[in-house]
Structures are given as C-alpha cells and as structure tokens.
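Lettering of chains follows the sequences in order, A, B, ..., and the numbering in each one begins at 1.
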2 protein chains.
Amino acid sequence: MTSKSIAAELRKRGFKLTPQRRAIIDVINESEEHLTPSDIYSRLQHKYPGIGLVTVYRTLELLESSGLLCEVHIGDTCRSYLTRPGGHHHHLVCRGCGKVVDFTDCELDGLENRLVNETGFEIDRHLLEFMGRCINCRKNKKN
Amino acid sequence: MTSKSIAAELRKRGFKLTPQRRAIIDVINESEEHLTPSDIYSRLQHKYPGIGLVTVYRTLELLESSGLLCEVHIGDTCRSYLTRPGGHHHHLVCRGCGKVVDFTDCELDGLENRLVNETGFEIDRHLLEFMGRCINCRKNKKN
DNA sequence: ATCTTAATTGAAAATGGTTTTCATTTATAA
DNA sequence: TTATAAATGAAAACCATTTTCAATTAAGAT
Ligand SMILES: [Mn+2]
Ligand SMILES: [Mn+2]
Ligand SMILES: [Zn+2]
Ligand SMILES: [Zn+2]
C-alpha cells in the first residue's frame, strides 16, 4: 500500500488530510521495520520538526482502527509495534535483535471451527506469533 | 497445581516462602478467572490487608518466570492477565464479558517447522489467541 | 532457642507510555 | 472568501509498573 492510497483511504472515510498525517504515513511506509510510536516520533524530527507526539498517537489510532496498519505484541514486554499493512498476516519475532518476519498462511481454520463447535463462541479474530532467534543472532551468538 | 505444590516449587528453587507469597498464590489458585495484578491486590485486601501492590507485582514476576502461571493478551488493551497454570495451552477470549476459555491442542508443529526451514529462525515459543464473543454474550446481545 | 544474614517487604518517589484537556490553528466544503 | 467542524500541540493528568531504600523477616547455622 502506497502513501497515496493510504491517504486516499482516509479521505474517503471523511478524515482531513493534514501535513502531519502525511508525514506520519510516509515514515511508516518508508520503514522496513516495525516501529513503536516513539520510533516514529523520532524519525519525524527532520521531516516534520515540531510535530506533537500526541498527534502520532492519534494518527496511529486512526490508521489502526481503519485497518491500515498492523501491530505486533513483542515478547513479554507487551509493547505494540506497528508497520505498514499488507492484509492478514502473522509475525515471527527475534528476541535477540527484534527483527520481525511476516508470514501469511496460518492454517487455523480447522482449529477455529472446532473451537466454535465446542464452545459456542463466535470467533472474529486471532493472534498468532512465534518467538525465537533469527539466523543472524544465532550465528553471532550475541543477543 | 495446588497452592502447596506451587509453594514447594518455589522453595525448591531457593526462594523464601513468605505469608505474602502464600496469600497471593492462594488468591490466584482460588479464582476461576484470569486476574490482573490489581484484581489480585483487591482480593487480597481481606486475606492480607496491608500487603503492598509492589509485592504482588514482584510475586507475579517470580511465578511467571518460574513458569508457574500463564498470561493472556486481551484484545487491543494489551494488559496481561494471569491465572493458575496448567501446562502449555492457549486462550479463547470473549470481548464482551472477558471470559477466557483455555484449550490445549494448537496443532502448530507443521507451521512451525516450515517457518524454521524457510527463515532459519530457531523458534522457542508461540502465542496463539482467538477472540470473539461467548455463547452468553451472543444470547444476551449485550456487551 | 538464638543468632546471622541475605532475601523480602512496603512506602514513597520515579518512570514511561498513553490519554485528556483546552485554546489555537487549519483543511475542506459552501 | 468565509464558516465550521476537525485537527493540532503544550501541558497536565493518568495509570500501570519499576526503582529506591530503610526496616523486617524466613530459614539455615550455631
Ligand atoms: Mn506485520
Ligand atoms: Mn490460561
Ligand atoms: Zn535477531
Ligand atoms: Zn462473554
């Protein structure tokens, strides 16, 4: 998803397209990694000095509730990380360096159906993450 | 796992068995639900008035790092909930009333192996949670 | 039973991330 | 242009969790 299409999506939903929002979307979109709100805030410092951290939070909330980004629950710390979107997918997180690999096939339908039958729940969402150590961290024996 | 066996496990690891820790373990063990640290603190008020909330946190940390309890990441709020343990299992969480159903079979070995092969990661942990609405919340159309 | 000591506790303060408040600014449509 | 609701940012509030530190205590040694 390009910055433009994200912006277009926001406008379609009746939100204003401010330069702050553009800058935030650009930063997220330019990054290959998952970023915390304050990561994003830092990276904005040259693109839009003076922007408020509040605005970052508000924009992330807006984008998230519009389904335009995804979040990661990293390890025990429970901080939510963010990245540019890409449809339904899941994460493989390195506890050494924090690297996040996305994968898309979760193959959970069978399990989900069984749970629905057994419990009477209606299931609308799931969270699946693997944690471990990436190939680099294994080689370097660091982290 | 009984309060006694949890206590025994702590002692085996060289930790002191204080009345505060006993009280905390009992509260967790007596509850059928997943509890937040402050839930636990509240319930301790008659069993051990005067106990410090800090002690609750420290004891939870101790129990968690010893693998004696589990935690839930509920919905977006990202607060970690706790409960009595019971081996490797996962959660089905109702977004209406907060009810948590445990289930044990995650059938993720195939997926995990494939990810290991494709990415070179070493995987040691996973997080799997389903979210939806429980049978009661569906009937009542409340929540 | 008493002593010793490292572990544990709890009050208070510090932290750190997130949200609220509110006066000011601004994007957008008329 | 003008009108207006939406958005912004500084500051304060919030709230869960952690740190600090002096006092207490569990548990092994005597
Ligand atoms: Mn992702
Ligand atoms: Mn559980
Ligand atoms: Zn790594
Ligand atoms: Zn429910």
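- A distance below 6.0 Å separates the ring centres of His126(B) and His88(B).
- Within a 6.0 Å sphere centred on NZ of Lys47(A), heavy atoms belonging to other residues, nucleotides or ligands number more than 12.
- Going from atom CG of Leu82(B) over to atom C1' of dT17(D) covers 13 Å, rounded to whole Å.
- Contact record, Gly132(A) with Asp124(B): CA-OD1, 3.9 Å, taken as the closest heavy-atom pair.
- Between the side chain of Thr36(A) and the main chain of Asp39(A), a donor-acceptor pair closer than 3.5 Å is present.
- Counting heavy atoms from C-beta on, the side chains of His91(A) and His34(A) come closer than 4.5 Å.
- Separation of atoms CG (Leu60(B)) and CD1 (Ile40(B)) is listed at 4.5 Å; rounding is to 0.5 Å.
- Taking atom OH of residue Tyr57(A) and atom C1' of nucleotide dA7(D), one finds them 19 Å apart after rounding to whole Å.
- A distance of 8.5 Å separates CZ in Arg114(B) from CZ in Phe103(A), rounded to the nearest 0.5 Å.
- The interatomic distance linking Glu61(B) (CD) with dA16(D) (C1') rounds to 15 Å, in whole Å.
- Hydrophobic clustering (ILVMFWY, side-chain heavy atoms < 4.5 Å, transitive): Val54(B) and Val27(B) are in distinct clusters.
- Taking atom CG of Leu44(B) as the reference point, atom P of dG10(C) lies 10 Å away to the nearest angstrom.
- Rounded to 10 degrees, the angle between the two end axes of the helix from dA1(C)-dT30(D) to dA30(C)-dT1(D) is 30°, with five pairs used at each end.
- In this structure, of dT18(D), dT17(D), dA10(D), it is dT18(D) that holds the atom nearest to the side chain of Val54(B).
- Distance, Leu17(A) CG to dT8(D) P: 10 Å, rounded to whole Å.
- Spacing between atom CZ of Arg11(B) and atom C1' of dA27(D) amounts to 7 Å, rounded to whole angstrom units.
- For Ser66(A) (side chain) and Leu68(A) (main-chain N/O), no donor-acceptor pair under 3.5 Å exists by modelled atom type.
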Could you write out each protein N or O paired with an N or O of nucleotides 5-9 of chain C at a distance under 3.5 Å?
unit_1	atom_1	unit_2	atom_2	d
dT8(C)	OP1	Lys16(B)	N	3.1
dT8(C)	OP1	Arg21(B)	NH1	2.8
dT8(C)	OP1	Arg21(B)	NH2	3.4
dT9(C)	OP1	Thr18(B)	OG1	2.5
dT9(C)	O3'	Gln20(B)	NE2	2.8

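- Leu10(B) places its CG atom 14 Å from the C1' atom of dA26(D), with the value rounded to the nearest Å.
- As rounded to whole Å, 15 Å separates atom C1' of dG16(C) from atom CG of Asp39(A).
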